[in-house]
Structure formats: structure tokens, C-alpha cells
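Working notes for the structure below.
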Protein chains: 2
Amino acid sequence: MTSVPTENETRQHICGVAVSLELIGGKWKGVILWHLCHKTLRFSQLRRRLPGVTQKMLTQQLRELERDNLVNRVVYAEVPPRVEYSLTTLGRSLEPTLRQLCSWGQAYHEDYRETSE
Amino acid sequence: MTSVPTENETRQHICGVAVSLELIGGKWKGVILWHLCHKTLRFSQLRRRLPGVTQKMLTQQLRELERDNLVNRVVYAEVPPRVEYSLTTLGRSLEPTLRQLCSWGQAYHEDYRETSE
DNA sequence: CCCAATAGTTTCTTTTTGGGTACTACCCCA
DNA sequence: TGGGGTAGTACCCAAAAAGAAACTATTGGG
């Protein structure tokens with residue numbers, strides 16, 4: 001199971017790769033999840049870790065991750081407000097994949113700097 | 001190395017996850033690579049395996065994958081034309097990651113069908 | 001002579017994604 | 001009284017991604 005699709009198995013069989021990429025693709029989601037792998041973070045901490053993200057984008061992406069059951073959002077009724085984001089069990093199950101994406105991407109970046117420099 | 005970034009390591013250190021997702025993100029690239037993991041395919045074969053893809057999108061995505069050194073494009077000077085796409089060594093190094101994305105996505109799809117049905 | 005098949009390109013349009021700016025509410029603190 | 005920190009919303013706009021449709025070249029086959 002979950003193997004490369006064979007010649008005659010390509011019918012209406014949902015592609016797991018497509019499903020995953022719909023959930024963690026886009027400019028911010030993968031990176032958000034990766035930071036939350038490390039530890040629970042509040043909104044402003046996450047924001048500081050994502051150079052260039054706007055409040056709107058961060059909120060939006062977090063809401064979608066929450067909707068997709070990858071991230072927990074916990075609001076503390078304090079002043080100033082505190083909202084903490086953490087991975088759900090399902091989100092945590094992505095950790096090995098994120099780890100691989102991270103190390104592959106770093107290796108790529110190191111080996112292929114020349115193309116962009 | 002390639003671990004979850006620690007509190008005081010978050011400076012200008014490129015995020016591998018972001019690099020990877022830039023390369024394999026989008027609606028088609030991951031799936032294209034996944035099919036090419038299995039075997040070399042010509043344009044029309046790939047097209048049939050990607051329900052809904054237009055010629056334009058497929059060409060465009062393949063050109064980008066080629067530019068990023070993940071895919072080889074070999075043109076045979078025949079009539080009718082034949083162009084074969086295969087993974088480069090670098091592309092092949094993504095196989096474990098794609099495998100994980102695939103099985104994670106399939107599991108997600110099976111467990112969370114209820115939300116969309 | 002016309003059609004089919006392959007691997008595209010071109011142009012136009014729509015949809016999705018991302019981003020800028022301003023605004024809110026709450027309370028503490030000086 | 002007013003500024004700062006937190007976690008947002010609302011509204012509008014630009015850019016990028018995706019898609020639809022029509023067009024090209026080539027040559028073998030009927």
C-alpha cells in the first residue's frame with residue numbers, strides 16, 4: 001500500500017501526495033508546522049519566527065490549519081490576550097515528513113546556491 | 001543538523017521546509033514527481049495520469065522541474081514526436097519524502113473523509 | 001486530400017493567494 | 001490622559017497560479 005501507483009492502478013485512486021500538499025502547501029503552512037513541531041508558540045512568537053508574514057496571513061493560515069485538524073488553538077482569557085498554538089496528534093504525525101522536507105531543502109540550498117548567486 | 005530550530009538559532013538561517021515547498025509545492029509538481037518516481041514517462045502518458053491537467057500547465061510545470069534540476073527531458077527526433085521525462089539524481093533523492101507525503105496523505109484522506117462527505 | 005497522433009505554444013480569462021493599511025478591544029503603567 | 005503590548009478584523013488591491021480554447025508542425029496512413 002501507498003506505493004508508487006502501477007500502470008494499471010492509476011484509475012480513480014486519490015493521490016496522497018496531492019492531499020498532503022493541499023494541506024501543507026502554500027507559502028507559510030509548512031514552516032508554521034515546522035516551528036510548532038519544536039514547541040507550542042503564541043501568536044506573536046510565531047510571527048517573529050516568520051520573517052515577512054503579515055498578521056492577516058498568519059491568522060488566516062493558522063485558522064486553516066486548525067480547521068484541518070493539524071493545529072490546536074487555545075485562548076487564555078488574560079490581559080494582554082494570550083493565544084497558544086500547538087500541534088494536534090495528527091499534526092505531530094507530520095513531523096517525520098517535515099523533518100525530511102527540511103533536510104532535503106537545506107541540502108538543496110547548499111548544493112544549488114550557485115544557480116541563484 | 002537539520003533539526004527543529006531552537007529558540008536562539010532562529011536568525012537568518014534558511015528554512016529547508018520553505019525551500020522544499022517552493023520546489024515541489026503547487027498543484028501539480030509533487031504528483032508529477034511521484035509518478036516519475038515509478039518510471040520514465042512521456043508527455044502524453046503523464047498527462048493521462050494527471051486528471052484535469054491542461055497541456056499548458058503540464059508543460060509549464062515540467063519546464064520548471066527541469067530548470068530546478070529535478071527532471072530530465074529527452075527529446076527523440078521522431079515523428080510523431082516523443083519526449084521522455086525522468087527523474088534526475090537529485091529528483092530521485094526526493095523519493096523517500098514523496099513516499100511519506102503519499103502515505104500520510106492517504107491516511108489523512110481515509111480518516112478525514114467524513115469532514116468533506 | 002484529409003485526418004489522426006504527439007508535443008507543444010499563444011492568448012485570454014478566472015481564481016486563488018498574498019499583502020497593505022487601518023481599525024478594534026482590553027488593561028496596565030506612567 | 002495617552003501610549004504600549006496582544007491578538008486579532010475589515011477592506012481593498014496586486015500578483016501569481018491555474019485554466020479554457022484555439023493554434024502550430026510533422027508525417028504516416030486511408
Side-chain angles (χ1 to χ4, degrees), chain A residues 7 10 15 17-36 39-68 70-86 116, chain B residues 15 17-36 39-68 70-86 116:
Chain A
E7 197 77 63
T10 321
C15 178
V17 175
V19 174
S20 298
L21 289 175
E22 259 175 56
L23 292 166
I24 70 167
K27 192 164 173 182
W28 304 109
K29 285 183 184 173
V31 190
I32 291 172
L33 291 168
W34 183 233
H35 280 285
L36 294 180
K39 62 182 293 212
T40 293
L41 292 170
R42 43 195 300 196
F43 188 84
S44 56
Q45 295 179 306
L46 213 33
R47 189 143 118 85
R48 280 189 284 273
R49 279 167 176 73
L50 301 175
V53 79
T54 60
Q55 283 193 310
K56 191 194 93 171
M57 284 310 296
L58 184 52
T59 307
Q60 197 177 97
Q61 302 303 301
L62 285 167
R63 292 295 139 85
E64 290 179 17
L65 290 169
E66 194 192 357
R67 180 202 63 196
D68 296 335
L70 296 172
V71 158
N72 286 130
R73 176 171 180 268
V74 179
V75 182
Y76 294 89
E78 300 175 0
V79 162
R82 182 159 62 102
V83 179
E84 289 191 344
Y85 293 93
S86 59
S116 50
Chain B
C15 179
V17 175
V19 173
S20 299
L21 288 177
E22 258 175 57
L23 293 166
I24 71 166
K27 191 163 174 185
W28 304 108
K29 285 184 185 172
V31 190
I32 291 172
L33 292 168
W34 183 232
H35 281 284
L36 294 180
K39 62 182 293 209
T40 293
L41 292 170
R42 43 195 298 197
F43 188 84
S44 56
Q45 294 179 305
L46 213 32
R47 188 142 120 86
R48 279 189 283 274
R49 279 165 176 73
L50 302 176
V53 78
T54 60
Q55 284 192 311
K56 191 196 91 172
M57 283 311 295
L58 184 52
T59 308
Q60 197 177 97
Q61 303 303 300
L62 284 167
R63 291 295 140 84
E64 290 178 20
L65 289 169
E66 194 192 358
R67 179 202 64 198
D68 296 335
L70 296 172
V71 158
N72 285 131
R73 176 170 180 270
V74 180
V75 181
Y76 295 87
E78 301 176 358
V79 163
R82 182 158 62 105
V83 180
E84 289 192 341
Y85 293 93
S86 58
S116 51

Practice item. Grab the CD-C1' distance between B/Glu22 and C/dG18 for me, whole Å please. Key: 14 Å

Check your understanding: Reckon B/Arg47 touches a base, only the sugar-phosphate, or nothing at all at heavy-atom distances under 4.0 Å?
Key -> nothing

Practice item. Tell me which nucleotide among C/dT9, C/dG18, D/dA7 gets nearest to the side chain of B/Gln55. Key: C/dT9

Review point. Counting only side-chain N and O atoms of A/Thr54, is one of them less than 4.0 Å from OP1 or OP2 of C/dG20?
Key: no

Review point. When the distance from CD of A/Gln61 to C1' of D/dT9 is rounded to whole Å, what number comes out?
Key: 16 Å

Exercise for review: Assign B/Gly52 to base, sugar-phosphate, or nothing according to its heavy-atom contacts below 4.0 angstrom with the strands shown.
Suggested key: nothing

**Study point:** Length of the line joining A/Leu65:CG and C/dT17:P, which is rounded to integer Å
**Key:** 13 Å

Review point. Quick one: B/Arg82 CZ to C/dA7 C1', roughly how many Å, whole number?
Key: 13 Å

**Study point:** D/dG19 base / B/Lys56 side chain donor-acceptor hit below 3.5 Å
**Key:** yes

Practice item. Nearest whole angstrom, please: distance from the P of C/dA7 to the CD of B/Gln45. Key: 8 Å

Practice item. Return the 5'-most residue of the pair A/Val53, B/Gln60 with respect to DNA chain C, ranking by each residue's nearest nucleotide. Key: B/Gln60

Revision key, fill the gap. Side-chain contact check for B/Arg63: nearest option of D/dT6, C/dT9, C/dA5 is C/dT9

Point to revise | Test side chain to side chain donor-acceptor pair (under 3.5 Å) applied to B/Arg63 - qualifying residues, sequence neighbours left out | key: none

Check your understanding: Nearest-Å distance, CG (A/Leu58) to P (C/dT17)?
Key -> 17 Å

Practice item. Would you mind telling me which of D/dG5, D/dT27, C/dA7 lies closest to the side-chain atoms of B/Pro81? Key: C/dA7

Revision key, fill the gap. Out of C/dA7, D/dT6, D/dA18, minimum distance to the side chain of A/Arg42 belongs to D/dT6

Exercise for review: Let me know, please, whether A/Trp28 or B/Val75 comes out on the 5' side of the other along DNA chain C by nearest nucleotide.
Suggested key: B/Val75

Review point. B/Leu21 CG to C/dG18 C1': how many Å, rounded?
Key: 16 Å

Practice item. State which of D/dT26, D/dG8, C/dG18 makes the closest approach to the side chain of B/Val79. Key: D/dT26

Exercise for review: Starting from C1' on C/dA5, measure out to OH on B/Tyr76 and report it in whole angstrom.
Suggested key: 19 Å

Practice item. Please work out if B/Glu64 contacts a base, only the sugar-phosphate, or nothing of the nucleic acid, heavy-atom cut-off 4.0 Å. Key: nothing

